[in-house]
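Atoms considered below: every heavy atom in the structure, side chains included; atoms not considered: hydrogens, waters and symmetry mates. Since the structure is predicted, the reported quantities are computational estimates derived from the model, not experimental observations.
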Amino acid sequence: MKKIVILSSLLAVGFSLPAIADIKVELSPELTLLAVNGSEDFGEKWYSNTREIDLKDGDNQLLVRIEKLIPQAGDWAKFNSKPMVISFNGKNETVKLSSAFKINGVQAQAKFEQQPTLKLLDKSGDTVNFNFAVLPGSYSVLSGYEKALTAYNSKQGNVEFLPNQIQSVPVSNVVMNKTPVQPSTSTVVFSSVQSDFLSLTDIERKKFLQWAIIQ
């Protein structure tokens with residue numbers, strides 16, 4: 001009889017435990033997610049139409065950019081902003097990330113290019129504090145953003161967002177190449193792009209070609 005009572009008590013306690021808390025980030029339609037916490041491997045790639053992502057409580061970092069068709073002279077032009085780094089701390093909440101203002105024409109696009117700004121709001125519409133930076137360094141949609149993001153996080157001392165294999169290296173010892181090496185000829189550029197493309201899986205090639213058509 002005691003065993004039944006004890007088992008019933010344990011089950012009752014188990015069912016009364018709260019769900020594991022986390023942070024849910026909602027992205028507005030104009031934003032494309034490029035990396036999460038220093039890595040491009042966040043379950044989706046090339047490049048996802050992810051509108052929501054669940055993160056652990058605490059410090060988190062997102063790399064995003066704006067991709068949007070802008071009306072221009074009776075036609076449409078694709079606007080791709082520079083990648084932007086957003087770092088914030090949260091716990092058990094839902095937040096929404098979006099552009100600070102609507103980008104609905106060439107003037108708004110020019111304004112954003114001159115002063116890129118995003119906003120992060122909670123469910124009540126209150127502003128959530130975050131650190132913001134335009135990703136410096138050299139990167140491309142083919143080569144990826146991780147190297148530039150690692151260099152940025154190393155310089156900023158964001159050890160929690162660095163790859164595991166270099167987290168133990170002091171920030172002062174990390175060497176950054178501030179001057180990207182420029183290809184000497186167009187042939188070298190094409191060979192590099194071709195090599196990157198051939199290294200992709202069939203699914204990644206298909207997604208890349210779909211992306212390239214609308215550029």
Side-chain angles (χ1 to χ4, degrees), residues 8-68 81-103 112 115-137 139 144-172 174 176:
S8 299
S9 300
L10 289 174
L11 289 174
V13 171
F15 283 118
S16 64
L17 291 175
I20 298 176
D22 61 7
I23 305 165
K24 177 175 288 186
V25 181
E26 299 175 350
L27 301 176
S28 58
E30 74 274 10
L31 289 178
T32 294
L33 186 62
L34 304 176
V36 177
N37 291 332
S39 173
E40 291 180 285
D41 184 14
F42 52 89
E44 300 282 350
K45 206 172 179 182
W46 288 96
Y47 270 104
S48 73
N49 292 321
T50 301
R51 301 269 61 87
E52 291 185 358
I53 185 166
D54 292 323
L55 304 171
K56 293 181 179 179
D57 287 339
D59 293 324
N60 286 284
Q61 184 184 81
L62 302 178
L63 181 68
V64 300
R65 75 175 181 181
I66 288 181
E67 297 184 3
K68 188 172 183 181
S81 74
K82 293 182 178 179
M84 297 166 286
V85 187
I86 296 90
S87 305
F88 67 99
N89 181 281
K91 183 178 181 181
N92 192 22
E93 61 181 334
T94 298
V95 296
K96 183 171 183 178
L97 182 65
S98 64
S99 170
F101 56 87
K102 289 185 178 181
I103 304 175
F112 190 90
Q115 190 175 4
T117 50
L118 300 175
K119 61 182 179 182
L120 187 64
L121 305 177
D122 62 18
K123 277 295 187 180
S124 300
D126 296 327
T127 299
V128 177
N129 292 328
F130 64 96
N131 293 324
F132 174 88
V134 174
L135 182 65
Y139 44 78
Y145 304 93
E146 286 188 1
K147 288 184 178 179
L149 195 53
T150 296
Y152 167 80
N153 284 323
S154 297
K155 186 175 181 180
Q156 296 298 317
N158 300 328
V159 180
E160 66 272 30
F161 304 132
L162 293 176
N164 293 331
Q165 63 269 26
I166 66 171
Q167 284 189 5
S168 59
V169 179
V171 174
S172 58
V174 177
M176 295 179 60

- request: Apply the test side chain to side chain donor-acceptor pair (under 3.5 Å) to residues Asn37 and Glu160: give CA-CA distance (whole Å), side-chain angles for both, the deciding distance (0.1 Å), then the verdict.
  value: CA-CA 8 Å; Asn37 291 332; Glu160 66 272 30; over 6 Å; no

- request: Under the salt bridge (Lys or Arg N to Asp or Glu O under 4.0 Å) rule, what do Glu67 and Arg65 come out as? Steps first, then yes or no, please.
  value: CA-CA 6 Å; Glu67 297 184 3; Arg65 75 175 181 181; 2.7 Å; yes

Are side-chain heavy atoms of [X] and [Y] found at a separation under 4.5 Å?
X      : Y      : answer
Val25  : Leu55  : yes
Ile66  : Ser99  : yes
Asn158 : Tyr152 : yes
Leu121 : Asp126 : no
Phe161 : Asp59  : yes
Leu62  : Val36  : yes

Distance from [X] atom [atom1] to [Y] atom [atom2], nearest 0.5 Å?
X      : Y      : atom1 : atom2 : result
Ser81  : Leu31  : OG    : CG    : 8.0 Å
Leu118 : Ser98  : CG    : OG    : 7.5 Å
Ile53  : Leu97  : CD1   : CG    : 11.5 Å
Glu40  : Leu63  : CD    : CG    : 8.0 Å
Thr117 : Phe132 : OG1   : CZ    : 7.0 Å
Asn153 : Glu146 : CG    : CD    : 11.0 Å

task: State whether a side-chain donor-acceptor pair under 3.5 Å links Gln61 with Asn131.
output: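 Gln61 vs Asn131: no donor-acceptor pair found between side chains.
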
query: Passes side-chain contact (heavy atoms from CB on, under 4.5 Å), Leu135 versus Leu149? Steps please.
result: CA-CA 7 Å; Leu135 182 65; Leu149 195 53; 3.9 Å; yes

task: Could you tell me which non-hydrogen atom of Ile103 sits nearest to which non-hydrogen atom of Lys68, and how far apart they are?
output: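 The answer is O-NZ, 2.9 Å.
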
- prompt: In chain order, what residues pass the side-chain hydrogen bond (donor to acceptor under 3.5 Å, both in side chains) check against Ser28, with sequence neighbours excluded?
  reply: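 Ser28: side-chain hydrogen bond (donor to acceptor under 3.5 Å, both in side chains) contacts with Glu30.
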
field: Result of checking Arg51, Lys123, Lys96 against Glu26 for salt bridge (charged side-chain N to carboxylate O under 4.0 Å, His left out)
entry: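 When Arg51, Lys123, Lys96 are each tested with Glu26, the salt bridge (charged side-chain N to carboxylate O under 4.0 Å, His left out) holds only for Lys123.
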
- prompt: Does the pair Asn129 and Leu120 meet the rule for a side-chain contact (heavy atoms from CB on, under 4.5 Å), with working shown?
  reply: CA-CA 7 Å; Asn129 292 328; Leu120 187 64; over 6 Å; no

- request: Determine, stepwise, if the pair Asn89 / Phe130 fulfils side-chain contact (heavy atoms from CB on, under 4.5 Å).
  value: CA-CA 7 Å; Asn89 181 281; Phe130 64 96; over 6 Å; no

- prompt: Is a side-chain N or O of Asp122 found less than 3.5 angstrom from the main chain of Val95, in a donor-acceptor match?
  reply: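 Checking the backbone N and O of Val95 against the side chain of Asp122, no donor-acceptor pair under 3.5 Å is found.
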
- request: Could you tell me whether a side-chain N or O of Asn60 sits under 3.5 Å from a main-chain N or O of Lys56, the two making a donor and an acceptor?
  value: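 Checked: pair present.
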
